[in-house]
J.: 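Before anything else, here's the structure in question.
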Amino acid sequence: MELAYIPSPSSGVLYLGPVPLRGYAFCIIIGVFVAVWLGNKRWIARGGRAGTVADIAVWAVPFGLVGGRLYHVVTDYQLYFSEGRDWVDAFKIWEGGLGIWGAIALGALGAWIGCRRRGIPLPAYADAIAPGIALAQAIGRWGNWFNQELYGRETDLPWAVEITSSADGRMPGTYHPTFLYESLWCVGVALLVIWADRRFELGHGRAFALYVAGYCAGRFWIEYMRVDEAHHILGLRLNNWTALLVFLLAVLYIVLSARKRPGREAVVEPGAGDGEGPAADAKKTDGDATGKDAPAEEATTGDAPDTEDSGKPGKPDEPGRPDKPGKPDEPEASAEQEGAAEQEGAEEPEQSKDGAGSAKKG
């Protein structure tokens with residue numbers, strides 16, 4: 001008697017009116033958003049522009065989906081092209097079936113195209129996005145839970161997953177939740193890459209290679225537990241051999257890359273921070289706020305008219321009272337002097353006239 005288990009949903013599809021909402025597709029979409037969000041934060045921290053990760057993901061994600069589906073269809077062709085099967089089902093990606101190996105391979109091709117268009121080195125972009133890809137896989141694996149697929153051997157453990165569907169040769173019962181094991185493993189790989197990247201300053205694609213090696217190590221033992229139909233070579237499932245081969249290649253890349261190009265890239269995106277874009281705008285704004293452009297403002301302020309000291313040497317005159325050419329301004333008489341002059345003129349009008357007449361004669 002099972003005391004506890006993880007129940008499976010009775011259906012992986014919810015209908016919003018006539019529109020089907022598939023749990024598998026939602027998990028994939030949420031995973032992509034998380035990968036782009038985390039990758040963008042890491043890219044900015046490395047000196048890149050905000051939004052670059054999303055722009056390149058526009059190329060990488062469609063290529064990755066096509067590559068993942070192609071790998072699944074090619075390696076499990078009997079599900080679509082054997083007798084009694086409908087080959088049209090090979091295009092029904094929403095029903096599940098994405099091979100991570102094909103998704104990474106063809107997704108890398110799409111990322112390379114996007115990086116080349118921007119003059120960005122692909123290894124630097126791969127390092128920034130690596131932990132996000134691991135988290136995207138962790139979320140995407142729950143799509144298998146919605147579809148009641150990719151489970152392991154029978155077990156009565158408290159965390160066993162209950163399978164209720166009998167479609168496609170399934171046998172109802174409780175099994176090892178390999179989708180859950182892989183999901184938790186991917187979270188651990190993401191944390192490992194983030195820690196190692198900070199501790200050792202991984203660059204030139206080594207953070208991505210560490211993600212690949214870490215994922216393959218977990219995929220090997222998880223794949224060994226699965227009981228779904230698969231091709232076998234020398235007693236091991238095909239994906240076991242793939243995980244082993246890719247693991248060795250990733251480790252070899254880390255060793256050779258560290259010897260040939262140690263350290264991390266000094267510049268990951270040409271022009272970021274000193275030419276244009278958000279980093280440059282922020283730098284320009286900081287310069288304005290700290291008064292780096294003050295000399296221009298002081299020059300403008302220095303041209304302003306001084307209404308109190310108009311006419312004095314070294315200062316401009318008042319507006320509307322230009323000097324006569326070649327003749328300096330005479331100092332203005334004060335109000336007391338003007339009043340005294342008027343009073344004196346009133347007391348001696350004749351003397352003034354005489355003085356004026358004398359002046360005319362002289």
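Remember, predicted model here, so these are calculated numbers, not experimental data. Every heavy atom of this structure was used, including side-chain atoms; hydrogens, water molecules and symmetry mates were not.
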J.: Which residues pass the ring-ring contact (aromatic ring centres under 6.0 Å, His included) test with His204, sequence neighbours left out?
T.: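 ring-ring contact (aromatic ring centres under 6.0 Å, His included) list for His204, sorted by chain: empty.
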J.: If you look at every heavy atom in Phe247 and Ala213, which pair is closest and at what distance?
T.: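 Minimum heavy-atom separation between Phe247 and Ala213: CD1-O, 3.2 Å.
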J.: How far apart are the closest heavy atoms of Ala160 and Pro177, and which atoms are they?
T.: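 So the minimum-distance heavy-atom pair works out to CA-CD, 4.2 Å.
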J.: State which residue, out of Ile120, Ile129, Asp127, fulfils the side chain to side chain contact (heavy atoms under 4.5 Å, CB included) condition with Trp43.
T.: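 Of all the options given, the one that passes is Ile120.
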J.: Quick one about Glu223 and Asn240 (side-chain donor to acceptor, distance below 3.5 Å, no hydrogens or angles considered), yes or no?
T.: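 No, no side-chain donor-acceptor pair sits under 3.5 Å.
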J.: Look at the aromatic rings of Tyr151 and Tyr175 and report parallel, tilted or perpendicular, splitting at 30° and 60°.
T.: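 Because their plane-to-plane angle lies in the 30° to 60° range, the rings of Tyr151 and Tyr175 count as tilted.
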J.: Salt bridge (Lys or Arg N to Asp or Glu O under 4.0 Å) with Arg141: which residues, sequence neighbours excluded?
T.: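 By the salt bridge (Lys or Arg N to Asp or Glu O under 4.0 Å) rule, Arg141 matches Glu182.
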J.: Sort out for me which residue in Leu98, Ile100, Thr242, Leu106 forms a side chain to side chain contact (heavy atoms under 4.5 Å, CB included) with Tyr71.
T.: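 By the side chain to side chain contact (heavy atoms under 4.5 Å, CB included) criterion, Tyr71 pairs with just one of Leu98, Ile100, Thr242, Leu106: Thr242.
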J.: Name the orientation class of the two ring planes belonging to Trp59 and Phe63 (parallel below 30°, tilted from 30 to 60°, perpendicular beyond 60°).
T.: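 Correct class here is tilted.
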J.: Restricting to non-hydrogen atoms, name the atom on Gln78 and the atom on Thr75 that form the minimum distance, rounded to 0.1 Å.
T.: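 Shortest heavy-atom separation between Gln78 and Thr75 comes out as OE1-O, 4.2 Å.
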J.: Regarding Trp159 and Tyr181, is there a side-chain donor-to-acceptor distance under 3.5 Å anywhere?
T.: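 Side chains of Trp159 and Tyr181: pair found under 3.5 Å.
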J.: Got a donor-acceptor contact below 3.5 angstrom from the Gln148 side chain to the Ser8 backbone?
T.: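 A pair under 3.5 Å: no.
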J.: With sequence neighbours excluded, tell me which residues meet ring-ring contact (aromatic ring centres under 6.0 Å, His included) with Tyr77.
T.: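 Partners of Tyr77 by the ring-ring contact (aromatic ring centres under 6.0 Å, His included) criterion, ordered by chain and then number, come out as His231.
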J.: Can a salt bridge be assigned to the pair Asp228 and Arg170 using a cut-off of 4.0 Å between side-chain N and carboxylate O?
T.: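 Looking at Arg170 together with Asp228, the answer is no, because their closest N to O distance does not fall below 4.0 Å.
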